[in-house]
2 protein chains.
Amino acid sequence: MTKTVPKSDTRIQKKNQALIMSAGLVVFSQFGFRGSTLDLVAQEAGLSKPNLLYYFRSKDAIYTALLAKTLTNWLEPLRKIDAKGDPVEELLGYAKRKLDMSQHYPRESRLFANEIIQGAPRIGDVLRGELRELVDETAVVINGWATAGRINKVDPYHLIFSIWAQTQHYADFDVQVRSVLGNIDPFDGAQYHLEAMLRGLLTPLVDQKGC
Amino acid sequence: MTKTVPKSDTRIQKKNQALIMSAGLVVFSQFGFRGSTLDLVAQEAGLSKPNLLYYFRSKDAIYTALLAKTLTNWLEPLRKIDAKGDPVEELLGYAKRKLDMSQHYPRESRLFANEIIQGAPRIGDVLRGELRELVDETAVVINGWATAGRINKVDPYHLIFSIWAQTQHYADFDVQVRSVLGNIDPFDGAQYHLEAMLRGLLTPLVDQKGC
DNA sequence: CCTTGTTTTTTCCAGTTGGTCAAATTGTTG
DNA sequence: CAACAATTTGACCAACTGGAAAAAACAAGG
């Protein structure tokens with residue numbers, strides 16, 4: 001008989017699996033996969049280590065499940081960009097959604113940051129597959145807007161990178177940002193700044209001053 | 001007799017210390033402090049583990065020395081911003097220097113990224129002290145430029161954050177960027193994009209169209 | 001109360017980890 | 001080449017790591 005992991009989904013299983021995922025998020029997002037231990041996750045979850053392994057086959061299984069679960073939500077904002085909407089408002093909306101995620105789900109951001117910094121050993125395929133396709137599609141949309149003269153000509157890939165970079169920075173480097181800002185809340189100013197930056201980049205000059 | 005670490009600096013010591021630092025950079029920048037092992041560092045350096053500990057008191061000592069050594073170089077570009085120079089060119093130059101560092105010293109960038117994501121347990125003091133002061137001073141300079149009408153009014157702190165974010169993104173998330181871009185070199189486009197973005201943000205409108 | 005299935009804990013293990021120490025080796029200098 | 005210091009290695013250790021096994025505790029229906 002091979003190692004058994006619960007098949008049926010009772011409410012207590014759902015609860016404990018969620019508990020473990022939540023604890024795993026806390027630990028893995030701070031220390032990365034290699035820097036995390038099952039003992040830490042168990043302690044955070046308030047369960048015993050063997051009990052973790054009753055619900056998940058291995059440390060790897062917890063981490064992988066966590067990544068997979070979070071990944072979908074993480075890419076969703078990009079899918080919401082509507083080719084038929086107003087270009088500047090669509091891109092600003094995207095940036096705002098990403099910034100909101102950094103504010104409300106910083107751990108998820110750090111989880112990915114850790115994974116990618118370490119070379120993305122488990123999600124390399126997703127990066128080169130699903131993510132790349134999604135970005136390619138969005139790039140086509142952005143290029144269409146530029147060709148139509150509705151925004152300035154920009155490199156759509158680097159535009160997307162710059163939105164990722166600036167929004168995720170406030171989650172991943174939270175400690176640094178707050179060290180510099182002191183008591184000031186980062187996210188108010190961040191949103192305003194990001195908007196100004198994107199408008200300055202995207203808005204055709206003729207619209208800015210009407211000449 | 002307490003644990004002895006070499007005091008005099010023979011050439012062989014200099015060589016091996018540099019070797020260890022270099023190996024430590026490779027390992028710690030990928031896995032963070034907790035995810036790294038002395039065995040990995042030793043293997044990377046081509047030395048035995050006890051031999052590492054002949055030159056450094058502990059794993060912690062290697063890591064701390066590495067952080068300290070790199071920190072100075074890391075902050076230097078910010079110090080080079082000259083209040084008497086042309087505002088836009090100064091800021092553009094700063095961004096370019098940071099981007100160059102991401103290109104040529106990506107491991108150093110990732111080393112800090114790991115440290116800060118994990119809560120900056122060892123450089124929190126530096127962040128709240130030296131770094132903060134330095135940013136504060138730079139903010140004064142930028143505010144001065146804005147007040148004089150030489151650049152648009154911007155939040156200097158978030159401006160600096162956005163430069164950090166965008167430049168370091170290309171080092172820290174290198175794998176992701178390359179996954180999306182395929183064979184295209186990220187840094188050419190990055191520099192162009194960053195410059196456009198900063199000019200759009202900083203350049204007073206009256207200068208852009210002369211009206 | 002008994003049976004059956006689920007959940008939890010106790011105990012254990014082999015491999016890894018950071019680190020010590022004494023012995024062996026290799027410079028270096030007179 | 002001695003003699004002494006600097007360097008390197010091999011053997012070792014206690015604590016920690018991911019994980020297995022099995023027994024114990026618990027739940028629910030008959």
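Just so it is clear: chains get the letters A, B, ... in the order the sequence lines come, proteins before strands, and each one is counted from 1.
Look at OH on B/Tyr54: it is 16 Å from P on C/dA22, rounded to the nearest Å. The separation between A/Leu19 atom CG and C/dT8 atom C1' is 14 Å, rounded to whole Å. Atoms NZ (A/Lys59) and C1' (D/dC16) sit 12 Å apart, rounded to a whole Å. The CD1 atom of A/Ile20 sits 12 Å away from the C1' atom of C/dT7 (whole-angstrom rounding). Per the geometry, CG belonging to B/Leu52 stands 14 Å off P belonging to C/dT17, to the nearest Å. Atom-to-atom, CZ of B/Phe31 to P of C/dG18 comes out at 13 Å; the value is rounded to the nearest Å. One interatomic measurement links the two molecules: OH of B/Tyr55 to C1' of D/dT8, which rounds to 8 Å at whole-angstrom precision. Note: CZ (B/Phe56) to P (C/dG18) measures 16 Å, nearest angstrom.
Within 6.0 Å of CZ on B/Arg107 lie no more than 12 heavy atoms contributed by other residues, nucleotides or ligands. Surrounding OH of B/Tyr105 are at most 12 heavy atoms belonging to other residues, nucleotides or ligands under 6.0 Å away.
Looking at the side chain of B/Ser48, the nearest of the listed nucleotides C/dT8, D/dT9, C/dT17 is D/dT9. Here C/dT7 is the nucleotide among D/dT8, D/dG19, C/dT7 with the atom lying nearest to any side-chain atom of A/Gln13. Comparing C/dT7, D/dT8, C/dT10 by their nearest atom to the side chain of A/Pro50 picks out C/dT10. Closest to the A/Thr37 side chain, of the nucleotides D/dA21, D/dT17, C/dG19, is D/dT17. Comparing atom distances between the B/Leu53 side chain and each of D/dT9, C/dT20, D/dG18 picks out C/dT20 as nearest. Comparing D/dG19, D/dA20, D/dG18 by their nearest atom to the side chain of A/Asp39 picks out D/dG18.
A cation-pi contact, defined as under 6.0 Å to the ring centre and within 45° of the axis, is absent between A/Lys80 and A/Tyr94. Cation-pi check for A/Lys98 over A/Trp74 is met; the charged atom lies under 6.0 angstrom from the ring centroid and within 45 degrees of its normal.
Residues A/Leu47 and A/Arg34 each lie close to DNA chain C; by heavy-atom proximity, the contact nearer the 5' end of the strand is made by A/Leu47. Position along DNA chain C of the nearest nucleotide to B/Lys49 versus A/Asn16 favours A/Asn16 as the more 5'-ward residue.
When all heavy atoms of B/Pro106 and B/Ala171 are compared, the closest pair comes out as CA-CB, 3.8 Å.
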Where do N or O atoms of nucleotides 27-30 of chain C meet protein N or O atoms at under 3.5 Å, pair by pair?
{"unit_1": "C/dT28", "atom_1": "OP1", "unit_2": "B/Arg11", "atom_2": "NH2", "d": "3.1"}

Chi angles and distances behind the side-chain contact (heavy atoms from CB on, under 4.5 Å) call for A/Tyr157, B/Val177: CA-CA 9 Å; A/Tyr157 293 94; B/Val177 167; over 6 Å; no

Full working for side-chain contact (heavy atoms from CB on, under 4.5 Å) between A/Tyr170 and B/Phe161: CA-CA 9 Å; A/Tyr170 289 94; B/Phe161 293 155; 3.8 Å; yes

